[in-house]
K.L.:
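Please see the structure below; I have some questions.
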Amino acid sequence: MKAIKHIGLVIFLIGLAIFTALPLLGTFKLEAPAFKEITGDKNIKSEFFIQELKDNVYNKTFNGMQELSPAVASVLEKSNAYHIKNKEWDKKIYISPSDMATKIGKKSGTGFIANNKGLMWLLTFGLGIIGALLFILPNVVLLGQKGIKNDGVYHESSTNRGWIGWMVFIFLVSFYLVLYFASEYATNWTFLVDPISESLSGNPAGHWFVYGFMYCVVMSVMAVRMYIKYRHNIYQVFRTTSVLFFQIVFAFIIPEIMVRLQMPYYDFKNAFPLDYDFFFQWNLKDLMNSGGIGLFILVWGIVLTLVIVPIMVYFFGKRWYCSWVCGCGGLAETLGDPYRQHSSKSLFSWKVERYLIHTVLLFAVVMTVLTLFSFFAETGTVLGIKVSGIQNVYSLLIGSIFAGVIGTGFYPIFGNRVWCRFGCPLAAYLGFVQRFKSRFRITTNGGQCISCGNCSTYCEQGIDVRAYAQKGENIVRSSCVGCGVCSAVCPRGVLKLENGPEERRINPTEILLGNDVDLMDLLNKK
Ligand code: SF4
Ligand code: SF4
């Protein structure tokens, strides 16, 4: 069995290595039809740009995006500088050099990678999936009987912030940086999944399609790991199945099919303010121009946030969303599960968490109020503030850097719920409801607790579960996402996630703990 695992690891690493090398490989040549299509775009009114593109990019062969991207950027910057100098604002091209290179790269891919999509898919995703499954499946036998399976977590460099953990960190952060800030380097990845994208939406794949597909693949493979590891706990099995279903069907397949049916791209489970651009002007206009389905989405989005979300949190706690439905939570609970012990349990982290997450919520709400005001008043500036400027800052700092680069990239270092715990404005909103008006609590059978600390160690939200258990106190915390892992790793069955009457839900049990009082002080005062 161990040999199968090792073979799986080697196969997985080969697939990963090919995938990682792809951004710098491939041949690109902008030929006549693609050139015509790009320069025929109604947003390109600059003859200067077209001429420069013809002179410097057209019909030339570029080896890899690292050659094509600077050439395109130089053409674009030169053209824009020329028009700015001549004050020809209508001829300036308002697309970033990176986006322009992405567009041109996608249309001009030639050579082995672009012409052998199926084979390249097998060599990357295929090997990755087969290798990962060969690595994971032998655990059915190797882990022995079902039960808590965390032996050795602090002895393996992949899960104890050792060198493998840091390598994973570097890979994830780099991946997100490419995705958000240098998407032209993802062009070769898009070729791999073109056939899948075309079969779903009818369009070739963009880099966000690659991300969506990869998200589903990674979650599916890691869900197999979850099923094996937590097979003693039915709650984990159902919960994993649920997040997987919502990710694959709601976040990935339905939006793509909607595009094929000429409808707006929309993830029906993505609630505002996590879906922070729902009320952005372009989205509102888009929805209003999309007929009945657009209006339905508009109403659904509002009802989801204002009615469905709080009512469900009242009955079931925020777990119904964070641990059963949400895509961010889904990735955290599958890909991120090996790292959950890294969540800091310090009081300092708790303080940072409360300030940060509520600041993000406030930021999202203020931005949305300003956006809606500017939309109805038909002005770009409110109270002297440029609304698009605020939106750009939020999109960059929160939407890209916090939720993406830090939120997922930092799994191996800070634990798997960095985003959910410190940054997600929807989690903050759900947290308010859960804390003050909900039937959810984790009950603790304190007499059974042996103070092993498993529950606190594996609480991804940094809650000191053991402290509650020792006192026999119910756990009612706004940050608890109801993942149930504290309960799943408790060897004494102390913890139970329950929905029940609101009365006595919060039952603080006052007992003296070590730090509360210095007994010698009391004694000496006598
Ligand atoms: S307290 Fe338990 S259920 Fe809540 S987040 Fe922590 S581990 Fe998950
Ligand atoms: S509640 Fe369970 S897991 Fe937590 S310290 Fe007590 S016995 Fe250990």
Side-chain angles (χ1 to χ4, degrees), residues 147-151 153 226 229-230 232-240 242-243 313 316-326 328-330 332-334 336-346 349-350 353-354 357 414-422 424 426-428 430-431 433-435 438-499 505-506 509 511 513-514:
I148 303 162
K149 303 293 172 195
N150 281 320
D151 287 356
V153 160
M226 291 291 285
K229 180 175 174 183
Y230 292 102
H232 65 292
N233 191 290
I234 198 77
Y235 183 81
Q236 297 304 323
V237 173
F238 277 120
R239 193 175 63 82
T240 303
S242 171
V243 279
V313 176
F316 306 109
K318 73 195 240 190
R319 59 175 161 161
W320 86 269
Y321 194 87
C322 298
S323 290
W324 288 72
V325 171
C326 179
C328 304
E333 296 294 343
T334 47
D337 182 70
Y339 308 112
R340 58 193 326 133
Q341 64 279 4
H342 296 323
S343 61
S344 167
K345 277 80 186 175
S346 71
S349 301
W350 187 20
E353 166 193 322
R354 282 176 293 164
I357 199 166
F414 290 151
N416 56 333
R417 287 271 192 174
V418 180
W419 163 246
C420 312
R421 181 181 176 191
F422 294 96
C424 176
L426 181 59
L430 304 188
V433 184
Q434 172 158 289
R435 175 65 181 75
S438 171
R439 292 163 55 84
F440 174 71
R441 85 292 309 270
I442 301 177
T443 55
T444 60
N445 180 4
Q448 286 294 314
C449 177
I450 51 168
S451 300
C452 66
N454 265 358
C455 49
S456 297
T457 302
Y458 295 102
C459 174
E460 55 196 357
Q461 291 292 96
I463 298 170
D464 188 0
V465 181
R466 177 175 58 179
Y468 290 85
Q470 287 169 327
K471 293 190 282 177
E473 184 177 330
N474 288 348
I475 302 168
V476 179
R477 286 280 291 269
S478 57
S479 61
C480 172
V481 288
C483 64
V485 168
C486 52
S487 170
V489 298
C490 174
R492 303 283 293 166
V494 172
L495 307 156
K496 206 165 166 201
L497 282 73
E498 290 185 78
N499 309 307
R505 184 175 74 109
I506 300 174
T509 318
I511 61 162
L513 291 174

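Order of listing sets the numbers, starting from 1, for every ligand and every atom in it. Index from 1, following the sequence. The figures here come from the full heavy-atom set of this structure, side chains too, leaving out hydrogens, waters and symmetry mates.
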K.L.:
Closer than 2.8 Å to atom 4 (Fe) of ligand 2, do we get an N, O or S atom from C455, backbone or side chain?
P.N.:
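So C455 does bind atom 4 (Fe) of ligand 2 by this criterion.
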K.L.:
I442 heavy atoms, cut-off 4.0 Å: which ligand 1 atoms fall inside?
P.N.:
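So the atoms of ligand 1 that pass are 1 (S), 2 (Fe), 3 (S), 4 (Fe).
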K.L.:
Counting heavy atoms only, which part of L495 comes closer than 4.0 Å to ligand 1: side chain, backbone, both or neither?
P.N.:
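L495 to ligand 1: no contact under 4.0 Å from either part.
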K.L.:
Report the C-alpha distance between R239 and N233 in whole Å, list the side-chain angles of each, state the deciding distance to 0.1 Å, and finish with yes or no for side-chain hydrogen bond (donor to acceptor under 3.5 Å, both in side chains).
P.N.:
CA-CA 10 Å; R239 193 175 63 82; N233 191 290; over 6 Å; no
K.L.:
Quick one: which ligand 2 atoms are inside 4.0 Å of a heavy atom on S451?
P.N.:
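In order of numbering, the contacting atoms are 5 (S), 6 (Fe).
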K.L.:
If you have a sec, work out which protein heavy atom is nearest atom 6 (Fe) of ligand 2 and how many Å separate them, to one decimal?
P.N.:
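Ranking protein heavy atoms by distance from atom 6 (Fe) of ligand 2, first comes C449 SG, 2.4 Å.
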K.L.:
Is the closest heavy-atom distance from I475 to ligand 1 below 4.0 Å?
P.N.:
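The answer is no, since I475 has no heavy atom less than 4.0 Å from ligand 1.
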K.L.:
Going from OH on Y339 to CG on N416, what distance comes out if it is rounded to the nearest 0.5 angstrom?
P.N.:
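Answer rounded to 0.5 Å: 10.0 Å.
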K.L.:
Can you tell me the protein heavy atom closest to atom 8 (Fe) of ligand 1 and the distance?
P.N.:
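Nearest neighbour among protein heavy atoms for atom 8 (Fe) of ligand 1, to 0.1 Å: C483 SG, 2.3 Å.
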K.L.:
I'd like to check which ligand 2 atoms, numbered from 1 as shown, lie under 4.0 Å from a non-hydrogen atom of R466.
P.N.:
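The list of qualifying atoms is 5 (S).
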K.L.:
Just checking: C486, one of its N/O/S atoms, less than 2.8 Å away from atom 2 (Fe) of ligand 1, yes or no?
P.N.:
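Here the distance criterion (N, O or S atom, under 2.8 Å) is met by C486, so yes.
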K.L.:
Check for a donor-acceptor pair, side chain of Q448 on one end and backbone N or O of L495 on the other, with a separation under 3.5 Å.
P.N.:
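No, Q448 side chain to L495 backbone: no donor-acceptor pair under 3.5 Å.
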K.L.:
Salt bridge check, E333 against R417: does any charged N sit closer than 4.0 Å to a carboxylate O?
P.N.:
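E333 and R417: salt-bridged.
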K.L.:
Distance only, no hydrogens: is a donor on one side chain within 3.5 Å (strictly under) of an acceptor on the other, for N454 and R492?
P.N.:
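No donor-acceptor contact under 3.5 Å links the two side chains.
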K.L.:
Check each atom of ligand 1 against the heavy atoms of C480 and keep those under 4.0 Å away; list them by number with element.
P.N.:
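In order of numbering, the contacting atoms are 1 (S), 3 (S), 4 (Fe), 5 (S).
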K.L.:
Between the side chains of T443 and E498, does any donor sit under 3.5 Å from an acceptor?
P.N.:
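The criterion, which ignores hydrogens and geometry beyond distance, is satisfied for E498 and T443.
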K.L.:
Does the ring centre of W324 sit less than 6.0 Å away from the ring centre of Y235?
P.N.:
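Close enough - the centres of the two rings lie under 6.0 Å apart.
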K.L.:
For V465, counting its heavy atoms only, list the atoms of ligand 1 lying under 4.0 Å from any of them.
P.N.:
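Those qualifying, in numeric order: 1 (S).
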K.L.:
If you count the atoms of ligand 1 from 1 in the order shown, which ones are under 4.0 Å from a heavy atom of G482?
P.N.:
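Atoms satisfying the 4.0 Å criterion: 3 (S), 4 (Fe).
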K.L.:
Do the side chain of Q434 and the main chain of V476 share a donor and acceptor less than 3.5 angstrom apart?
P.N.:
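No; judged by distance alone, with no hydrogens or angles, the pair does not exist.
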K.L.:
List the closest protein heavy-atom neighbour of atom 2 (Fe) of ligand 2: residue, atom name, distance to the nearest 0.1 Å.
P.N.:
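Result: C490 SG, 2.3 Å.
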K.L.:
Identify, for atom 5 (S) of ligand 2, the protein heavy atom at the shortest distance, and state residue, atom and that distance.
P.N.:
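Here the closest protein heavy atom is G453 N, 3.1 Å.
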K.L.:
For atom 3 (S) of ligand 1, what's the nearest protein heavy atom and its distance?
P.N.:
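Minimum-distance protein heavy atom for atom 3 (S) of ligand 1 reads G484 N, 3.2 Å.
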K.L.:
Among all protein heavy atoms, pick the one closest to atom 7 (S) of ligand 2 and tell me residue, atom and distance.
P.N.:
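Going atom by atom, the protein heavy atom closest to atom 7 (S) of ligand 2 ends up being I450 N, 3.5 Å.
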K.L.:
Counting only N and O atoms by type, is there a donor-acceptor contact under 3.5 Å from the side chain of S438 to the main-chain atoms of V313?
P.N.:
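Pair found, side chain donor or acceptor close to backbone of V313.
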K.L.:
Quick test of your reading of the model: are R421 and E460 salt-bridged, counting only N-O distances below 4.0 Å?
P.N.:
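Here R421 does not pair with E460 in a salt bridge, since their nearest N and O are not under 4.0 Å apart.
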K.L.:
Examine distances only and state if a side-chain atom of R441 and a backbone atom of R439 form a donor-acceptor pair shorter than 3.5 Å.
P.N.:
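Judged by distance alone, yes, a pair lies under 3.5 Å.
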K.L.:
I need the D464 CG to C486 SG distance, nearest 0.5 Å.
P.N.:
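So the gap between those two atoms works out to 11.5 Å.
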K.L.:
Please list the nearest protein heavy atom to atom 1 (S) of ligand 2 with its residue and the distance rounded to 0.1 Å.
P.N.:
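For atom 1 (S) of ligand 2, the nearest protein heavy atom comes out as A469 CB, 3.5 Å.
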K.L.:
State the atoms of ligand 2, each with its element, that fall below the 4.0 Å cut-off from a heavy-atom position in C452.
P.N.:
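By the 4.0 Å cutoff, the relevant atoms are 3 (S), 5 (S), 7 (S), 8 (Fe).
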K.L.:
Any atoms of ligand 1 less than 4.0 Å from a non-hydrogen atom of C459? List them with their elements.
P.N.:
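Within the 4.0 Å cut-off of C459, ligand 1 contributes 1 (S), 5 (S), 6 (Fe), 7 (S).
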